[in-house]
Structure formats: C-alpha cells, structure tokens
Amino acid sequence: MPDSSPLRARRDALARAWAEAHDGPVVVAAGLPVPIAGTDQFHDFHAHGEYVYLAGAAIPGAALAFDHADGWTLFVPVASQDERVWVGSGESIEAAAAASGVERVLPSSRLGGWFEARRGEPIALLGNRDITHHAEGYGIENWAALEVDIDGYASHQLSVILSDGRRAKDESELALMRGAAHATLAGHLAALRLSRSGMTERQLQVEVEAEFFRAGAARTAYGSIVGGGPNAAVLHFSPTSRPFADGELVLMDAAAEWGGYAADVTRCWPVSGRFEGIQRDLYELVLEVQRNAIAGVRPGKEYRELHMEAGLGIAAGLADLGLLRGAPQDLVERDAHAIFFCHGLGHMLGLATHDAGGCLAGRTPSDRFGLKWLRADLPLEANYVVTIEPGIYFIEAILGDPAVREKYQTEVNWERVDALKAFGGIRIEDDVRVTADGAEVLTSAIPKQIDEIEELRREGLVAHA
C-alpha cells in the first residue's frame, strides 16, 4: 500500500495556513484531458501541480475539496460502460483513497451536491480552472444552476500560500526527484556513447528517451531539446532531421519524470569526440561559472545574486578570450554579457519543470536585458531544489539585431564574434538541492568534466566505427 502520510501532512499544514486567509470552502481541480482533433484520443494528461501536491495520484477529472468544518473530500470519476470499453476502468475509489490518504472519497457525480450545500458561500478555486467551463467533465450536470461564487482574491491568496509551501521539498519528494535523476542519467550516458556524425537530432532524441523509459520513467519531464551546430543556439530547440557533423557541438537538454517530479539536465559535447580550440575554451568557462554558482548555493543566498555573479564570471571569461572588451563589472552593468548569456541562471524544480513559487511575493520581474528572463527571484532555503544552468550562445536574433550592434559597438569584438555565428551554444545544467549549509547536486552522476565526456565519446565512437 502506498505511503500517504506525506500527503496528509501537507494537507494538514496547508489547512492551518489557509485558515488565516480564507475561512470558506476550497476546491482544487486536477484538470481534464485535452482532446486531439479528428481522433478519439487525448494529449498526454498532466494534472495540475497544486492538485498532485495535495492529492497524489494524477486522475483526470478529479477534484479535492475542503472546508474547515468537514475537512477534505476527494471526488474521483467512475468510468461509464462506454469508457470501460474504450479507455479502461481508470482509478477506483478504493485505490484513490489508499494513494491519497483522504478518508472521504466519493464519485464525481456527488461534487455538484457538495457545491449545492455551500450555495452562497465564496469558494476559493485552485488547480485547473477548466472546471468553470467544462464542469461536465467533473461530473457536474449544470454548473450555471449552482451559481457558484468564485472568490478571485481568496483563490489567489491561497495559491500563493500553497506555492510557498511547495518550495521546500520533503523526503518523499526528494526520493522521487532522485529517481528522476537516476533515469535521466541512463539517457544521457546513452547520448554520449551513441551520438556520431550523420545521426540526426531526432534519432538521438529517440535513443535517449527510450533509455529514460527503460530506467522506469513514466515520461519525459518536458519536450527534449536536441540541437547540433547552430541549432544549439536556439534555447528551446525541438529536434529535427538535421544530421550532426564532425567539428560541431551537440547541446541536449532532456530529462525524465518520476512519480510526477521532474529532473532537468543539459549537457554539451563534441560530435568528433574532442573539444577543440574555442569549443574547449568556452566549455571550460561555462563549467567554471557553473561550479562557482553551485558553490555559492546556501540558505539565505539570493538567487538573483547568484545569477548576477554568474553573469560577472561570463563577462570576465569572454573578455579574457577577446570576445568582449572592458572591465567585467562595467560589462555586466551595461548587460553586454547578456548578448551571450541572455537567460536566467535557472529556476525552481519539482512537480513542474519551472516549479511554483519562483519569485517572492511582492517582487516584480525586471525588464532589464540581463534579468528579464530570470525565473527565480527569492532567497534560498533548505530543501529548495533549483537548477543551475549558465550558458554561452551565439544567437542570430541577438547578434544580427542592428540596435544591439549599435549599443555594444565598443564592448563586443564583432569581428571575432561574427566569425562564430554558426558555433551554436553551450549550456551545462544540474539539479541542486539546498542543504542546511550548502548544496547537494542531485544529478552529479551525469558526466560533465571534459575528460569524462571525451572518454565516453571515444568509447562510443570506437564501438560504432
């Protein structure tokens, strides 16, 4: 029987925290499958993270309800005869009760009655908002007739409280994240051994994802990013039929999901087996910046400060290599480093790739070039899990922008940079748990040192010669 005690502990803690902000009923909807037009099938179902955090099993059309008088009630759909024929029986009420630890589990057909009994009470709605316009998917025959009063302010406040609670991971969550990291390791090792000149990005994607599944993953944590040569400069590049060529780098950002929890890992390696020239110089720079950022992780450290320190390291390294001109601090103040390192240092990680609570309440995103894509702006605390993923890219959309070239005409050695326009990019990303006094790299087993990568590449190229 699954251990539902962590879920019960989360619900109890949250009920106490919610009581100070809202004394009325709360509904957390899992979400409904999205149909694929022209078929009888649906896109891969992802339950809303707020629901999964509190209820566990990701059941389409389920809803977790709460009020301070009656406590928690889980409503789950019961398959009709036709559904049992076409898609199976789904999760039983007994199985949902065991997995969630909720004592009162009822069929979804009774959710409308729960709302009816609370007619006139302002209700906080969390999770997937599709219940308001596809209520029939949750077993409610006539949503309009219920005249449900959704309290938008309370909904937002309770969601913020829930996001705050989701930041620090408990031991059960960390165990799942280690499972995701282990399955991700299998895929990345396969990529380092199997990739070769003539293989396409799509072929490598297939091999890597197959290893995730063989290692026990339920699915990928996100759409795999695989880019060779210039394609590696596109931050979220979807793999194509383009073949890799000797002399290029491969950038792969791909990871497994385990029990609903995501890993998120990026590695970069040479198609021909060895880092050469500027490839080696830039890779060593990104690796050093990542190493320093991980060393800076500790409770109380502002993530934004880590990002700015990484930017300073990128600026200093690019100046040493003759791609930027000027003092590193001055270059960062003018965001010249962001021409090559335009995204944030990373983000929160957990039930979503970009997990809840990435910015502290009250902080607003910056529109500054070097900060506008920063996904985490908060002080770190023990058991937060964040990604650390510095990178250097030669992105045509930025390098070819006349305004950028005009603004940074003295800071950038454009002659050298233009010669590298087809270089692509380098990103090195790991999943890092904040400990009481530092950091634990959950994905440390995935090779990233140059000698490790080159040895695995040599073995793979020899095996497939």
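Worth knowing before you read on, the calculation uses all heavy atoms, side chains too, and leaves out hydrogens, waters and symmetry mates. Since the model is a prediction, treat every value here as computed from it, not as a measurement.
- Applying the side-chain hydrogen bond (donor to acceptor under 3.5 Å, both in side chains) rule to Glu455 yields the partners Arg458; only residues at least two apart in sequence or on another chain are considered.
- The number of heavy-atom neighbours closer than 6.0 Å to CG of Asp40, taken from other residues, nucleotides and ligands shown, is 12 or below.
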Review point. Stepwise, does the side chain to side chain donor-acceptor pair (under 3.5 Å) test hold for Ser89 with Arg84?
Key: CA-CA 5 Å; Ser89 299; Arg84 288 197 293 270; 4.8 Å; no
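- For the pair Glu209 and Ser224, the minimum side-chain heavy-atom distance is below 4.5 Å.
- Ile225 places none of its side-chain heavy atoms less than 4.5 Å from the side chain of Ser238.
- Put simply, OG on Ser163 and CD on Glu50 are 5.5 Å apart, with the number rounded to the nearest 0.5 Å.
- Applying the salt bridge (Lys or Arg N to Asp or Glu O under 4.0 Å) test to pairs two or more places apart or on separate chains, those with a residue in residues 259-271 are Arg267-Asp430.
- The side-chain hydrogen bond (donor to acceptor under 3.5 Å, both in side chains) search around Ser108 returns none, not counting sequence neighbours.
- Ser155 places a side-chain heavy atom less than 4.5 Å from the side chain of Arg129.
- The pair Lys169-Asp355 meets the salt-bridge criterion, with a side-chain N (NZ, NE, NH1 or NH2) lying under 4.0 Å from an Asp/Glu carboxylate O.
- Crowding of His182 atom NE2: a count of heavy atoms from other residues, nucleotides or ligands under 6.0 Å not exceeding 12.
- Judged as a side-chain hydrogen bond (donor to acceptor under 3.5 Å, both in side chains), and not counting sequence neighbours, Glu103 has no contacts.
- Counted within 6.0 Å of CD on Gln41, heavy atoms from surrounding residues, nucleotides or ligands total 12 or fewer; the atom is thus considered open.
- Phe66 is linked by a ring pair (Phe, Tyr, Trp, His ring centres under 6.0 Å) to His68, Trp72, counting only residues two or more places apart in sequence or in another chain.
- Phe45 has its ring centre no less than 6.0 Å from the ring centre of His43.
- Taking the side chain as every heavy atom from C-beta outward, Arg193 and Glu459 approach each other to under 4.5 Å.
- Nearest heavy-atom pair across Ala256 and Ala217 is CB-CB, 3.6 Å.
- For Tyr51 and His46, the ring centers sit 6.0 Å or farther from each other.
- Take His354 and apply the ring pair (Phe, Tyr, Trp, His ring centres under 6.0 Å) test, not counting sequence neighbours, and it matches His347.
- Identified under the salt bridge (Lys or Arg N to Asp or Glu O under 4.0 Å) test for residues 280-298, with sequence neighbours left out: Arg280-Glu454.
- Of the N and O atoms on the side chains of Ser5 and Asp3, at least one donor lies less than 3.5 Å from an acceptor on the other residue.
- With sequence neighbours excluded, the residues that form a side-chain hydrogen bond (donor to acceptor under 3.5 Å, both in side chains) with Arg242 are Glu248.
- A salt bridge links Lys421 to Glu396: at least one charged side-chain nitrogen sits closer than 4.0 Å to a carboxylate oxygen.
- Smallest separation of non-hydrogen atoms from Ala315 and Val332: CB-CG2, 3.9 Å.
- Applying the ring pair (Phe, Tyr, Trp, His ring centres under 6.0 Å) rule to Phe369 yields no partners; only residues at least two apart in sequence or on another chain are considered.
- For Ala9, there are no side chain to side chain contact (heavy atoms under 4.5 Å, CB included) partners at least two apart in sequence or on another chain.
- At least one test fails for Arg427 against the ring of Tyr393: distance under 6.0 Å to the centre or angle within 45° of the axis.
- In summary, Arg363 and Glu302 engage in a salt bridge, as defined by a charged side-chain N under 4.0 Å from a carboxylate O.
- In this structure, Tyr384 has no ring pair (Phe, Tyr, Trp, His ring centres under 6.0 Å) partners at least two apart in sequence or on a different chain.
- Considering every non-hydrogen atom in both Leu74 and Ser100, the closest pair reads CD2-OG, 3.7 Å.
- Under the 3.5 Å distance criterion, with hydrogens and angles disregarded, no donor-acceptor pair is assigned to the side chains of Ser241 and Arg202.
- Contact check on Glu309 versus Lys301 returns a salt bridge, with a Lys/Arg side-chain nitrogen under 4.0 Å from an Asp/Glu carboxylate oxygen.
- Identified under the ring pair (Phe, Tyr, Trp, His ring centres under 6.0 Å) test for residues 238-286, with sequence neighbours left out: Phe275-Tyr283.
- A pairwise comparison of heavy atoms in Ala439 and Ile294 identifies CB-O, 3.9 Å as the closest pair.
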